[in-house]
Number of protein chains: 2
Amino acid sequence: MTTSSSPARRATIVDVARAAQVSRQTVSNVVNSPERVAPSTLERVQTEIRRLGFQPSRAARNLKQERAGAWGLELSPLGFGRLGAILDTFLVELTARAAVDGSHVVPFTATDPEAPTDSYERLVASRVVDGFVLTDTRRGDPRPAWLDAHDIPYAAFGRLWDDPSITAWVDVDGASGIEAAVHHLAAQGYERIGYLGWPEGSPVGDDRRSGWVRATTELGLANPEWQAVSPQALEPASWAAAGLIDALGRGGALVCASDGLALGAWRVLAERGLTPGADLGLVCFDDTDIAQALDLSSLHQPLAQVADRVLHVLGTRSASRDPAGGLLLPPELVVRSSSNPAGDRTTPKEK
Amino acid sequence: MTTSSSPARRATIVDVARAAQVSRQTVSNVVNSPERVAPSTLERVQTEIRRLGFQPSRAARNLKQERAGAWGLELSPLGFGRLGAILDTFLVELTARAAVDGSHVVPFTATDPEAPTDSYERLVASRVVDGFVLTDTRRGDPRPAWLDAHDIPYAAFGRLWDDPSITAWVDVDGASGIEAAVHHLAAQGYERIGYLGWPEGSPVGDDRRSGWVRATTELGLANPEWQAVSPQALEPASWAAAGLIDALGRGGALVCASDGLALGAWRVLAERGLTPGADLGLVCFDDTDIAQALDLSSLHQPLAQVADRVLHVLGTRSASRDPAGGLLLPPELVVRSSSNPAGDRTTPKEK
DNA sequence: TTGTAAGCGTTATCAT
DNA sequence: ATGATAACGCTTACAA
C-alpha cells in the first residue's frame, strides 16, 4: 500500500481495445472464442492483454452471465477443527479443482442454528454462489429438501440418507474399506480381528461396522464379543479399547472406525508397553495427520476424487435425482507399521 | 433441482420498485440510506423486499462500487492438514467475522510454486478479491513486498520478519506464552523445567524458545542441558523427548513448542508407565485437538481475536506501514491434568 | 472477421 | 423525499 491511498486501477477491456486498435468486442472474442478471430489480430490483442495485465472483471462477467462462478461450502463446527477431521483437506482439494474452470469456493458459517438454511438463502439471494457443496450430511438433514424446493443446485460429500431418490452425492465406501482392512489383517496372519466403532445409530458408523461383520463372517472369524463402541473422545475410546485388547490378546488385531478412536487404542498399547503391529494389529479410518504421526495403517479417503466428482455433479446441470448419480468411492488402505506383525519400529527406551 | 432446468429467477431491485410503486432509486435508498426515505414509503418498500425475498446482487453492486467485498486466503499445504495445524480454525473464525460486514473469504491454492504471487495476481486482476490475508509468513517471503509494490491491501497472521517497517500483521506472542507456561509450572512446584523445541533457524521456533530462556533465567532455573530440538515429526520428537525426560527426572517438567512435539513426549511417558502431570509436567503450544484429547495443558492461540484484528487492519485502508500496526496478542494458558502434580487422571489398566 | 447496440442490476449524482 | 440519468465492465445477438 506504500503511500497512495487507493489501489491501482486495473486495465479494462476498453483499455486493451484502444491499445490494440480494435473494438472491445474483438477483445472479448480473443478471450472467449479465439477461433473466431484472425490470427494476426489475435496475436496483436493477446500481446496487449499480456502487456496491460488484463483480466476480465468477475463482477461484470457475473452480472452479464447471471451466474456467480462460485460454490458455497458451510464450515460447520462439526466438521472442522475436531479430532480426526478431514474437511480441511477436502476444502483444499475442492478449492484446487474448482480453480481449474475458474470457479471459486466460498466458505461460510451458519448464523442461526435454529434456521440452518438462512445462510444458504442469503448467499443465493445475493447471487454470491450458484449452488452448494454439502458436507456433514445426516439423517433428518433439512438442507437437501430445502435446496430442492428452491431449485438450487447442490452436491453432497456424504450420502443423503433420507431420500434414496436424491442422488446428488459422492461418498466413500466405508463398509468395503473396513472389509478390505479385515482381509488385509487376516492376510498378515492376525487371527482375532476386533472392531472399535461408534455407538449404533449413526449412518456412517453403522455402514463401517457392517463391513467388519461381513468380512469376519466371510472369513469364519466372526465373534460378536470382539466388538466395542465408544463416542469420538479419547477417554471412552481408551476404556473401550482396553476391554477389546484384553479380549483379543497378543496376536489379535483391531479395526477402528476412525483415527480418533484409534488414538485411544494406541494410547492403551503405549501404556502397556505393547507395540502396534508386533503385538496387536491396528488399522483405522480417515488417514489423518494422527495416523501418519503414529504410523498407523489407515484407510485413506480419496478426497481429491471426491472433490472432482462433487464438482462434476454440480457442473452437469442435470437434476439432483439423476438415476446415474450416487457415487461410492473405495478408500485406499495405506499400510504402515501398525499392521505389520514383524513390526520393526523402535522406540526410545529408558537409560 | 427437481424437474425445472434453470434455477428460479430471483427478485431484482426493479421488481421491488414496481411492486412498491416507487422508482428503483428509492428502493436502493431504502436498503442503503433508509434515513433519507419517508417512513411510510420505507415501510411499504421494506414489506415488498421481504415478500419478494429481495437481496441486492453482489455482482451488480461490486461492479458499480468497484470492489469485491472479499479477501483472498491462500490454503498452503504448509498450513493445512498437518499435525497440529490451526489454520482450519483460523479460517472458520475469519469467515465468521468477515460475514459481519457482508464480506467473504475466498480460499485459493497456489498453482505454480515457482511463481508464488501468480495466484494473487490473477485474483486481484479479475477483481475477485480486494486484498489478502497472509498466513505462514516466513523469512524471505516474497509476498509482502510484491503486494506493497502493486498497491494491494493485505494483512498477515504472523509477523513479517523481513521488514520491520511493514506493520500490517497480527501475531500471537509465543515468547510471552512460553514464559507464562514456565511460571505456571514453577508455581505448581515443578523444579526442573526443560524445553523441547524446533531446530534453531525458524523465527517462530526461536521466538518461543526465547520465552523459555527468559523465564528460567528469571527464576534462577536456567540450565542449557534441559533443552532439546526436533523437527515436527513423532519419531525424532520421541527420541529428543526421551533424552530430556531422562535428564529432568520425576518431578521435572517439559514445555513443548507445539502439540506435535508434545505427542512425542507423551508417548515416551506412556511407554514408561509415567503419568503426565503426576510424574512429569507437560505444557504445549497451540491447543489443538491433540492437546484436548490427551488432556495436555496448552497455550491456546486467540484465533477469533486474530481474525478480528486482521480484518480490522484490512478494513482501515491505512498504509501497511502504519506505525501503530503490528499487534502481538498473548496466548491463553489452558490448564489441564498434564501440569497438575497431583494428577488424578485414571487410565485403563490391564485386567 | 469485425463492429454496433443493448442490457445484466446496482448506485452516485444531480434534478425536481 | 423522490426520481431521472448515467455509468460500472462485460458478453450476446445481430449487423456490416
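Just so we're on the same page: letters track the sequence lines, and every chain starts at 1.
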Does [X] use its side chain to pair, donor to acceptor, with the backbone of [Y] at less than 3.5 Å?
{"X": "B/Ser126", "Y": "A/Gln55", "value": "no"}
{"X": "A/Asp162", "Y": "A/Asp141", "value": "yes"}
{"X": "A/Asp171", "Y": "A/Arg159", "value": "yes"}

Give the B/S/- string for nucleotides 8-16 of chain D, one per nucleotide from 5' to 3', where a protein heavy atom under 4.0 Å of the base yields B, of only the sugar-phosphate yields S, and otherwise -.
BBBBBB---
Phosphate-side-chain proximity, B/Thr41 and D/dA1, N/O vs OP1/OP2 below 4.0 Å:
no
Do you know which two heavy atoms are closest between A/Ala11 and A/Phe54, and how far apart they sit?
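So the minimum-distance heavy-atom pair works out to O-CD1, 3.4 Å.
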Check ion pair A/Arg10-B/Glu121 (N to O, under 4.0 angstrom):
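Judged by the 4.0 Å cut-off on N to carboxylate O distance, A/Arg10 and B/Glu121 do form a salt bridge.
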B/Arg58 has an atom CZ; how far is it from atom P of C/dC8, in whole Å?
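Result: 21 Å.
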Interatomic distance where CG belongs to A/Asn62 and C1' belongs to C/dT10 [whole Å]
14 Å
Base, sugar-phosphate, or nothing for A/Ser23, non-hydrogen atoms under 4.0 angstrom?
base
Ring-plane angle category for B/Phe108 and B/Phe132, please: parallel below 30°, perpendicular beyond 60°, tilted otherwise.
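If you compare the ring of B/Phe108 with that of B/Phe132, the planes turn out perpendicular.
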